[in-house]
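Everything numeric here is computed off the predicted structure, so don't read it as measured data. Just so you know, ligand 1 is whichever comes first in the structure, and atom 1 is the first atom listed for that ligand. No hydrogens, no waters, no symmetry mates; every other heavy atom, side chains included, goes into these values.
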Amino acid sequence: MAKVLVLNGPNLNFLGIREPEVYGTTSLAQIEQAILDRGHKLGLDVECFQSNHEGALVDKLQDAYGKVQFILFNPGALTHYSIALRDAIKAVGIPTLEIHLSNIAAREKFRATSVLAPVCIGQISGLGATGYMLGLEAAAGLLPDK
Ligand code: DQA
């Protein structure tokens with residue numbers, strides 16, 4: 001069974017509380033439960049992980065090497081400046097899909113740039129929690145050995 005890692009970065013543990021007009025009222029726990037349910041239906045072995053710490057996310061990416069076939073990654077604000085995460089994604093060579101709840105192209109100028117996008121296979125931005133579900137569909141569709 002293909003392994004999919006769903007990573008969430010800083011402040012995403014505050015979903016439901018944090019700027020609900022931007023990020024919605026659903027908590028991360030609720031989104032992760034929906035991700036696990038959908039992953040199960042798609043025949044994927046899904047693990048979810050959230051951290052507010054860049055280094056913990058680098059460690060998780062490195063741990064995934066050789067074990068995980070696909071990554072969905074919402075790096076939060078680290079999207080816009082973390083060269084360490086960019087290097088880690090490139091280093092492990094696991095297909096990684098960047099996910100954002102909000103449309104980062106339609107907000108403050110500094111959010112429009114993702115330093116991770118060039119090393120990701122694609123990006124889903126602006127679709128709320130549906131973005132993670134579509135990301136799982138992409139994983140299921142792209143992985144040969146489900
Ligand atoms: C985000 C967008 C980022 O700019 C922001 O810093 C976040 C959340 C999103 O999901 O829309 O923390 O990644």
Contact (N/O only, under 3.5 Å) between Arg111 and ligand 1:
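Checking ligand 1 against Arg111, an N or O pair does fall under 3.5 Å apart.
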
Salt bridge or not between Glu47 and Lys67? Use side-chain N to carboxylate O under 4.0 Å.
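Looking at Glu47 and Lys67, the cut-off is not met.
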
Proximal ligand 1 atoms for Ser102, defined as those under 4.0 Å from one of its heavy atoms
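Per the distance check, 2 (C), 9 (C), 11 (O).
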
Below a 4.0 angstrom heavy-atom separation, can you tell me which part of [X], side chain or backbone, both or neither, approaches ligand 1?
X: His100; value: both
X: Asn74; value: side chain
X: Arg18; value: side chain

Applying salt bridge (charged side-chain N to carboxylate O under 4.0 Å, His left out), which residue pairs with at least one partner in residues 86-113 are found, sequence neighbours left out?
Glu108-Arg111

Compare every heavy atom of Ala88 with every heavy atom of Leu61, then report the nearest pair and how far apart it is.
CD1-CB, 3.7 Å

Tell me whether Thr79 contacts the main-chain N or O of Ser114 through its side chain, where contact means a donor paired with an acceptor under 3.5 Å.
no

Can you tell which of Ile104, Leu12, Asn103, Leu15 gets a heavy atom nearest to atom 2 (C) of ligand 1?
Ile104

Quick one: sort the His80 and Phe110 rings into parallel, tilted or perpendicular, breaks at 30° and 60°.
perpendicular

Note the single closest protein heavy atom to atom 9 (C) of ligand 1, along with its residue, its atom name and the distance in Å.
Leu101 N, 3.4 Å

Closest to atom 4 (O) of ligand 1 among protein heavy atoms sits His80 NE2, 2.7 Å

Is there side-chain contact between Leu12 and Tyr23, with heavy atoms separated by less than 4.5 Å?
no

